[in-house]
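See structure below.
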Amino acid sequence: MIHAVATRPFADQKPGTSGLRKKVKIFQQPHYAENFIQSVFDVVPEKEGATLVIGGDGRFLNREVIGKAIRMAAAAGFGRVIVGQGGILSTPAASNLIRERGAIGGLVLSASHNPGGPDEDFGIKYNVGNGGPAPEKVTAAIYARTTEIDHFAIFEAPDVDIDTLGETQLADTIVEVVDPVASYAALMERLFDFGAIRSSGLSVAFDAMSAVTGPYATEILERRLGFAPGRVRNGTPLEDFGGHHPDPNLVHARALYDLMMSPGAPDFGAASDGDGDRNLIIGRGIFITPSDSLAMLAANAHLAPGYAEGLKGIARSMPTSAAADRVAAALGIPCYETPTGWKFFGNLLDAGRVTICGEESAGTGSDHVREKDGLWAVLLWLNILAATGKSVKQIATEHWARFGRNYYARHDYEGVESNAADALMGGLRDRLAQLPGQAFGTLTVEAADDFAYEDPTDGSISSQQGVRVLFQGGSRVVFRLSGTGTSGATLRVYLERYEPAGGRLDADTTEMLAEIAAAADQIAQIRKLTGRTAPDVVT
Ligand code: G16
């Protein structure tokens with residue numbers, strides 16, 4: 001029986017960069033998850049009889065919210081709900097299922113790279129029919145709905161068994177529990193030359209960080225590609241990620257980094273995050289920044305069967321380094337600069353303007369789905385290594401020798417008091433017009449602006465996307481506030497220095513960026529306004 005439950009709006013359900021992300025305790029308030037899910041369903045047009053995909057990264061609260069979401073989907077009149085077995089679906093696998101099964105959209109339950117557990121984070125994101133995150137007009141409509149909601153509808157029944165493959169009927173809705181890995185693994189096998197990787201003799205270490213990519217990586221790397229059992233580390237998804245932060249960066253994937261820098265390092269090391277969309281790439285003795293990885297993958301993608309015909313274009317988020325722009329120029333294809341957030345790539349991919357996209361925040365992907373895809377990046381790297389017989393270090397040094405090198409780092413100041421962070425950004429915006437011509441050490445400001453983006457496919461405009469300060473010679477610093485944190489504000493400062501081919505290509509990144517880091521502090525008054533003397537995380 002369908003039950004209409006009276007409810008009242010919560011004031012804090014505005015989706016951020018990647019859906020609604022909050023502390024578990026907030027999601028545990030009565031009706032909190034239900035209100036948001038109902039608000040999503042209320043703005044989905046023509047859901048009667050349509051297919052909806054539901055899955056998550058297995059973190060604490062995943063199963064409970066999935067149980068409710070299934071019964072609410074039945075009450076909302078969806079014809080079919082496709083759920084990953086055990087409630088598991090990586091974000092890219094969910095995107096793939098939405099596309100493959102012609103679903104109207106999907107609920108992806110995750111707080112991505114944020115920690116999990118009763119005192120940590122949870123999240124709900126709605127993806128639309130192209131498999132990608134809902135665009136801003138949809139998230140704005142969902143938010144508007146959350147502010148006026150007065151009831152939600154739920155089918156009164158015990159939760160459906162999501163551990164057994166097969167179909168169950170709930171009201172007029174078929175609930176189909178599917179293998180979360182099968183169709184994603186098949187897609188990867190179509191895109192990449194598994195035979196070449198299998199016979200390459202490469203050695204790998206993959207850290208699944210006790211998160212969702214464990215089952216995917218085990219199936220693909222160990223079973224289909226034949227890497228020895230145990231090459232996938234931390235391969236069982238845990239509700240609290242083993243107490244770790246499932247963020248594949250040099251801080252949280254330190255053990256992998258140390259292994260890759262040790263004498264006995266394998267050829268290739270990689271990690272993925274909570275929900276499987278981010279990636280970390282480390283060759284023996286060399287870390288590849290996400291911005292460089294995008295550029296190197298784009299330059300070599302034609303070596304993989306799925307991209308043999310070449311790329312239509314490349315897109316990168318604004319704070320991502322300009323390394324990919326140089327590859328696009330050499331290939332004679334367009335390069336788009338978008339605001340932070342994968343949703344901005346969706347229209348470009350749908351319109352066939354770009355094939356590969358990437359972000360400095362460890363996200364890379366292509367038109368095979370509409371999300372960034374951690375394992376996809378790993379497999380493209382492996383395919384390139386297998387096809388060329390070169391090491392990661394050789395690929396990188398040859399790339400820099402040809403295109404020059406964009407030294408790059410991101411400094412994160414976490415848990416900054418929100419008012420101080422707003423004052424810092426506000427002050428910067430107020431001073432933008434005075435910056436051009438000012439000198440900071442040997443650096444002179446060429447231009448400064450607050451990034452705004454006009455989507456070339458639908459003309460929609462997104463403004464205030466981050467302050468860019470460009471120095472003469474192609475170096476720059478970018479300031480923006482994170483849209484994915486759950487407590488206080490996180491200030492991100494992105495530092496970039498371009499060194500042309502023939503210049504200093506194997507110098508120390510920290511040293512190369514020191515002057516820009518000092519200029520960033522002077523320009524934004526970071527120490528003075530936040531009281532911080534150093535960033536919390538440098539990636
Ligand atoms: C999300 C988006 C990414 C974006 C990132 C930015 O990542 O999906 O496209 O780059 O947020 O995060 P912030 O606003 O904190 O800089 P994820 O992996 O958290 O879904």
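In this text, all values refer to a predicted model and were calculated from it rather than measured experimentally. Just follow the structure's listing: the first ligand is 1, and inside any ligand the first atom is 1.
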- [ ] Would you please say whether a donor-acceptor pair under 3.5 Å links the side chains of Asp373 and Tyr184?
- [x] yes

Task: Residues that Lys25 engages under side chain to side chain donor-acceptor pair (under 3.5 Å), provided they are two or more places apart - done: Asp119

Could you tabulate the donor-acceptor pairs under 3.5 Å formed by side-chain atoms of residues 52-61, not counting sequence neighbours?
unit_1: Asp57; atom_1: OD1; unit_2: Arg59; atom_2: N; d: 3.1
unit_1: Asp57; atom_1: OD1; unit_2: Arg59; atom_2: NE; d: 3.2
unit_1: Asp57; atom_1: OD2; unit_2: Arg59; atom_2: NE; d: 3.0
unit_1: Asp57; atom_1: OD2; unit_2: Arg59; atom_2: NH2; d: 3.1
unit_1: Asp57; atom_1: OD2; unit_2: Ser110; atom_2: OG; d: 2.9
unit_1: Arg59; atom_1: NH1; unit_2: Asn114; atom_2: O; d: 3.0
unit_1: Arg59; atom_1: NH1; unit_2: Pro115; atom_2: O; d: 3.0
unit_1: Arg59; atom_1: NH1; unit_2: Asp121; atom_2: O; d: 3.0
unit_1: Arg59; atom_1: NH2; unit_2: Ser112; atom_2: O; d: 2.8
unit_1: Arg59; atom_1: NH2; unit_2: Asn114; atom_2: O; d: 3.1

Open item on the list: Under 4.0 Å between a side-chain nitrogen and a carboxylate oxygen: does that hold for Glu337 and Arg468?
Closed with: yes

Task: Atom OH of Tyr257 with >12 non-hydrogen neighbours under 6.0 angstrom - done: no

Open item on the list: Residues around ligand 1, heavy atom under 4.0 Å from any ligand atom, sorted by chain and number. Can you pull those?
Closed with: Thr17, Ser18, Arg21, Ser112, His113, Asp277, Arg278, Thr340, Gly341, Trp342, Glu359, Ser361, Lys372, Arg480, Ser482, Gly483, Thr484, Arg492

Report all side-chain donor-acceptor pairs from residues 416-427 shorter than 3.5 Å, counting only partners two or more places apart or in another chain.
none

